[in-house]
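Contents: one structure, followed by commentary.
What you are looking at is a predicted structure, and each value in this text was computed from that prediction instead of being measured.
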Amino acid sequence: MGATDPVKLKAVEERENRGEEKTEKKKKKQRGVKANDEEEGGDKDELNHHRFLANLNRLNPTNPLRIIVNNGGGGRFTTPPPPNPAQPLRSSSRAPPPIQTPPVRAPPPEEPQPPPSPSPPPLQHQSRSLFSQTPQETLASLNSSKYTNKFFLFLFILHKIAAIGFVCFLVFRGVQGLIGSNGSVKRKEQRILRFLLPQVEAASLLSIVLAFSWQMAIRLWPEFMIHFILWSTFLMSLSSGILLLCFQMPATDGVGVSLIAFSIGNGLYACWVTRRIKFCTKILVKSLEPVSKFSDLNLPTYYMLAAGFFWMSLWIFGVVGALNFYFPPLVIIGLVLSLAWTTEVMRNVVNLTVSRVIALFYLRGMQSSTRFSFQRALSRNLGSACLGSLFVPTIEALRIVARGLNLLKGEDEFMFCCANCCLKLMTFIFEHGNGWAFVQIAAYGKGFVRASQDTWKLFEDVDMVEVVDADITSSICFLTGICSGCVCVIVAVAWTHTVYKPFTATISLLAFFIGYLMTRISMALPHACVSCYYACYAENPESRFFDKTIKDRQALIKNGRVVVHTPRVRRALA
């Protein structure tokens with residue numbers, strides 16, 4: 001027993017030592033598991049953070065959240081760099097130093113390895129993603145603060161100041177002649193105020209009513225209204241011309257013959273464009289669809305029509321005062337030209353406003369503010385509106401004449417030997433100044449000439465020149481103004497011939513001029529919508545806002561199933 005006691009004691013001590021070692025190992029293992037859990041918890045947070053950044057990077061560049069993050073929160077939500085194969089799968093720390101490589105730690109064998117994710121770069125070396133620069137540049141171009149065509153803006157402002165001052169002076173001379181004089185001038189002005197002014201004001205009000213009626217009818221029944229406008233203009237111009245001929249006065253006979261000649265040309269044109277009406281109707285219906293998304297899109301039209309009515313009323317008093325001034329015919333011609341330019345600028349202001357709202361909807365999917373677009377059209381883009389108002393009607397009229405000569409020319413006729421040269425010259429001018437330019441002026445703030453060139457280049461790149469050449473929307477808007485002018489002529493002339501016959505011819509010209517101009521202002525909305533549809537399609541044909549209408553038309557033209565009769569330089573020189 002004495003010999004075995006030490007052996008037993010040693011065995012007991014060894015068991016106790018083994019138990020203590022096992023206990024220490026268990027404690028160390030528990031501490032290691034806790035450390036691993038803490039570290040893996042940090043790694044999981046880091047992985048979630050990187051997954052959030054990856055999901056954010058997949059957002060569309062035009063997404064409002066992506067734009068806000070890239071503009072204001074770039075320091076927090078920066079896009080991580082692409083994964084490096086040599087980089088470790090996980091890092092042991094959340095914020096590694098910028099130079100040192102984070103240590104590699106193998107994952108525990110009992111847990112699955114998470115997907116690889118790159119560690120975020122240090123804040124001082126963070127760089128923006130390539131995708132985050134695109135919306136910034138696009139937004140900067142869409143919100144250009146430059147004033148376009150400043151010279152013509154200055155010229156129009158100078159002209160407007162001079163016109164307002166001169167009209168006010170003529171109104172003063174008219175009042176002076178009405179009150180101060182006792183001779184023939186006073187009697188003439190009294191006759192004008194009594195027998196001319198009421199008819200002109202009535203024609204102005206009637207033209208505003210017709211303007212709103214035309215626009216509403218086109219938005220509600222576009223397919224029917226295209227046919228109705230073509231043939232109602234023919235009937236109204238023919239009726240007003242016959243009515244003026246019935247008065248058997250030399251002045252009214254001249255105006256009546258002009259209207260009858262125009263009605264004959266209008267009838268021929270209506271027969272000629274019959275094959276284009278179906279496609280024009282489809283484009284008009286599609287282009288008017290976004291209008292319902294903007295409830296205040298017609299406000300600029302209301303403002304411009306109100307301003308036009310006020311200025312025409314003052315202008316009429318200026319015409320009355322011009323009779324008491326030197327060279328009354330020249331003064332009245334100058335007032336007519338000034339009124340034409342002013343109302344055309346008003347129409348293009350509406351055109352620019354609607355074009356910006358609709359173009360941003362097509363190009364960026366944005367619902368922009370109509371009020372802000374209207375302010376831009378009246379300030380930064382007003383110079384382009386003034387330049388376009390001067391040259392676009394003239395260029396389009398001369399281009400129509402050149403095309404008419406090209407259609408009428410024979411094989412070897414000397415009379416039309418310069419038709420090809422004229423058409424080539426007018427095509428060159430048209431490429432540097434056309435009505436399609438207002439879309440890019442409104443959207444990107446370009447100058448008039450550059451916008452015309454860029455827009456026409458887009459049409460050539462996507463093979464849309466023949467499609468836009470064959471469009472008759474501008475002709476429909478023009479004929480709508482003519483129809484309103486003829487209606488105003490019929491009403492005002494019938495009234496005037498009843499009360500004072502000598503003013504019949506004068507009233508017919510003024511009523512036609514006023515009715516045409518006021519209606520053209522209201523028709524700027526559908527015209528701008530169609531222009532935006534064509535120009536925005538040329539810029540991005542694969543957009544989800546466009547269907548296959550234009551592509552099908554291009555295919556039919558290429559296959560020869562649709563013959564475009566409008567002459568162009570290439571065919572004329574062939």
Notebook entry, point to check: If you round to the nearest 0.5 Å, how far is CZ of Arg356 from OG of Ser369?
Noted result: 10.0 Å
Check: At what distance, to the nearest 0.5 angstrom, does CG of Leu352 lie from CG of Leu378?
Finding: 9.5 Å
Next item on the list: Report the relative orientation of the aromatic rings in Tyr516 and Phe512; use parallel for angles under 30°, tilted for 30 to 60°, perpendicular for over 60°.
Entry: parallel
Margin query: Using a strict threshold of under 4.0 Å (side-chain N to carboxylate O), is an ion pair present between Asp296 and Arg371?
Written below: no
Next item on the list: Please check if any side-chain donor atom of Asn298 sits under 3.5 Å from a side-chain acceptor atom of Gln215, or the reverse.
Entry: yes
Next item on the list: Please assess Ser543 against Tyr362 for the test side-chain hydrogen bond (donor to acceptor under 3.5 Å, both in side chains), listing each intermediate value before the final yes or no.
Entry: CA-CA 8 Å; Ser543 175; Tyr362 282 141; over 6 Å; no
Notebook entry, point to check: Does any N or O in the side chain of Asn149 come within less than 3.5 Å of the main-chain N or O of Phe448, such that one atom is a donor and the other an acceptor?
Noted result: yes
Check: Mind checking whether Met346 and Val350 have side chains closer than 4.5 Å, heavy atoms only?
Finding: no
Item checked: Side-chain donor/acceptor of Gln554 to backbone N/O of Val462, under 3.5 Å -> yes
Notebook entry, point to check: Do we get Arg219 above Trp221's six-membered ring, with its NZ or CZ under 6.0 Å from the centre and within 45° of the axis?
Noted result: no
Checklist line | Nearest heavy-atom neighbours spanning Ile332 and Ala322 | finding: CG1-CB, 4.2 Å
Next item on the list: Could you walk me through whether Val171 and Trp315 pass the side-chain contact (heavy atoms from CB on, under 4.5 Å) test, one step at a time?
Entry: CA-CA 9 Å; Val171 171; Trp315 181 82; over 6 Å; no
Margin query: Is it the case that atom CZ in Phe317 sees more than 12 heavy atoms from other parts of the structure closer than 6.0 Å?
Written below: no
Next item on the list: Say whether His159 and Ser338, considering side chains only, have a donor N or O and an acceptor N or O under 3.5 Å apart.
Entry: yes
Note to self: What's the separation between atom CZ in Arg380 and atom CD in Gln375, rounded to the nearest 0.5 Å?
What the structure shows: 9.0 Å
Margin query: Quick check against the 3.5 Å criterion: does Thr233 have a side-chain atom that pairs as donor or acceptor with the backbone of Leu479?
Written below: yes
Note to self: Let me confirm one number: the OG1-CD1 distance from Thr353 to Ile358, rounded to the nearest 0.5 Å.
What the structure shows: 11.5 Å
Notebook entry, point to check: So, for Asn348 and Ala385, which heavy atoms are closest and what is the spacing to 0.1 Å?
Noted result: ND2-O, 3.7 Å
Check: Counting distance only, does the side-chain N/O of Thr455 pair as donor-acceptor with the main-chain N or O of Ser452 below 3.5 Å?
Finding: no
Next item on the list: Answer yes or no: is there a side-chain heavy-atom contact under 4.5 Å between Phe309 and Leu305?
Entry: no
Next item on the list: For residues Cys536 and Phe546, determine if any side-chain heavy atom of one lies less than 4.5 Å from a side-chain heavy atom of the other.
Entry: yes
Margin query: Does any part of the side chain of Leu339, heavy atoms only, come nearer than 4.5 Å to the side chain of Leu517, both counted from C-beta?
Written below: yes
Item checked: Verdict with reasoning, Phe459 to Tyr534, per ring-ring contact (aromatic ring centres under 6.0 Å, His included) -> CA-CA 9 Å; Phe459 289 154; Tyr534 280 117; 7.1 Å; no
Next item on the list: Please determine if Glu460 and Lys457 form a salt bridge, counting it only when a charged side-chain N lies under 4.0 Å from a carboxylate O.
Entry: no
Next item on the list: Show your working on side-chain contact (heavy atoms from CB on, under 4.5 Å) between Val530 and Asp471 and close with a plain yes or no.
Entry: CA-CA 10 Å; Val530 174; Asp471 182 71; 4.2 Å; yes
Next item on the list: Would you check if the side chain of Ser522 reaches a backbone N or O of Ala211 as a donor-acceptor pair within less than 3.5 Å?
Entry: yes
Next item on the list: Over all heavy atoms of both residues, which pair between Arg173 and Gly321 is shortest? Give the atoms and the distance, please.
Entry: CB-O, 4.4 Å
Item checked: Trp436 vs Leu458, side-chain contact (heavy atoms from CB on, under 4.5 Å): CA-CA, chis, key distance, verdict -> CA-CA 11 Å; Trp436 307 104; Leu458 288 174; over 6 Å; no
Check: Under 4.5 Å between any side-chain heavy atoms of Thr148 and Leu153, yes or no?
Finding: no
Next item on the list: Dump the intermediate steps for side-chain contact (heavy atoms from CB on, under 4.5 Å) on Leu525 and Cys529, then the final yes or no.
Entry: CA-CA 6 Å; Leu525 188 146; Cys529 291; 4.2 Å; yes
Checklist line | Heavy-atom side-chain contact between Phe391 and Ile429 under 4.5 Å | finding: no
Next item on the list: Just do the ring-ring contact (aromatic ring centres under 6.0 Å, His included) check on Tyr303 and Phe374 with the steps written out, would you?
Entry: CA-CA 10 Å; Tyr303 296 151; Phe374 184 55; 5.7 Å; yes
Checklist line | Other residues, nucleotides, ligands: >12 heavy atoms within 6.0 Å of Glu223 CD | finding: no
Notebook entry, point to check: Is there a donor-acceptor contact under 3.5 Å from the side chain of Asn351 to the main chain of Arg347?
Noted result: no
Next item on the list: Using the side-chain contact (heavy atoms from CB on, under 4.5 Å) rule, pick out the option among Arg520, Met312, Met304, Met518 that qualifies with Thr343.
Entry: Met312
Item checked: From SG (Cys488) to CG (Leu510), nearest 0.5 Å -> 11.5 Å
Check: Are Ser484 and Trp214 close enough, and set up right, to give a side-chain hydrogen bond (donor to acceptor under 3.5 Å, both in side chains), and what steps lead you there?
Finding: CA-CA 9 Å; Ser484 295; Trp214 284 121; 2.7 Å; yes
Note to self: Under a 3.5 Å cutoff, is there a donor and acceptor pairing between the side chains of Ser313 and Glu201?
What the structure shows: yes
Item checked: Heavy-atom side-chain contact between Val200 and Ile507 under 4.5 Å -> yes
Margin query: Tell me whether Lys558 is salt-bridged to Asp463, with the criterion being a basic N under 4.0 Å from an acidic carboxylate O.
Written below: yes
Note to self: Could you tell me if the side chain of Thr281 sits less than 4.5 Å from the side chain of Val285, heavy atoms only?
What the structure shows: yes
Notebook entry, point to check: Atom CD1 of Ile441 and atom CG of Leu387: how far apart are they, to the nearest 0.5 Å?
Noted result: 8.0 Å
Margin query: Please find the pair of heavy atoms, one from Val489 and one from Ser508, that lie closest to each other, and give the distance.
Written below: CG2-O, 3.3 Å
Margin query: Does the structure place the NZ or CZ of Lys160 under 6.0 Å from the centre of the six-membered ring of Trp341, at an angle of no more than 45° from the ring's axis?
Written below: no
Note to self: Give me the atom names and distance for the closest heavy-atom approach of Cys280 to Ile226.
What the structure shows: SG-CD1, 3.9 Å
Item checked: Shortest non-hydrogen separation from Glu396 to Gly435 and the atoms involved -> OE2-N, 4.2 Å
Item checked: Test of ring centre spacing under 6.0 Å for Tyr533 and Phe545 -> no
Check: Under the 3.5 angstrom rule, does the side chain of Ser287 hit a backbone N or O of Leu284 as a donor-acceptor pair?
Finding: yes
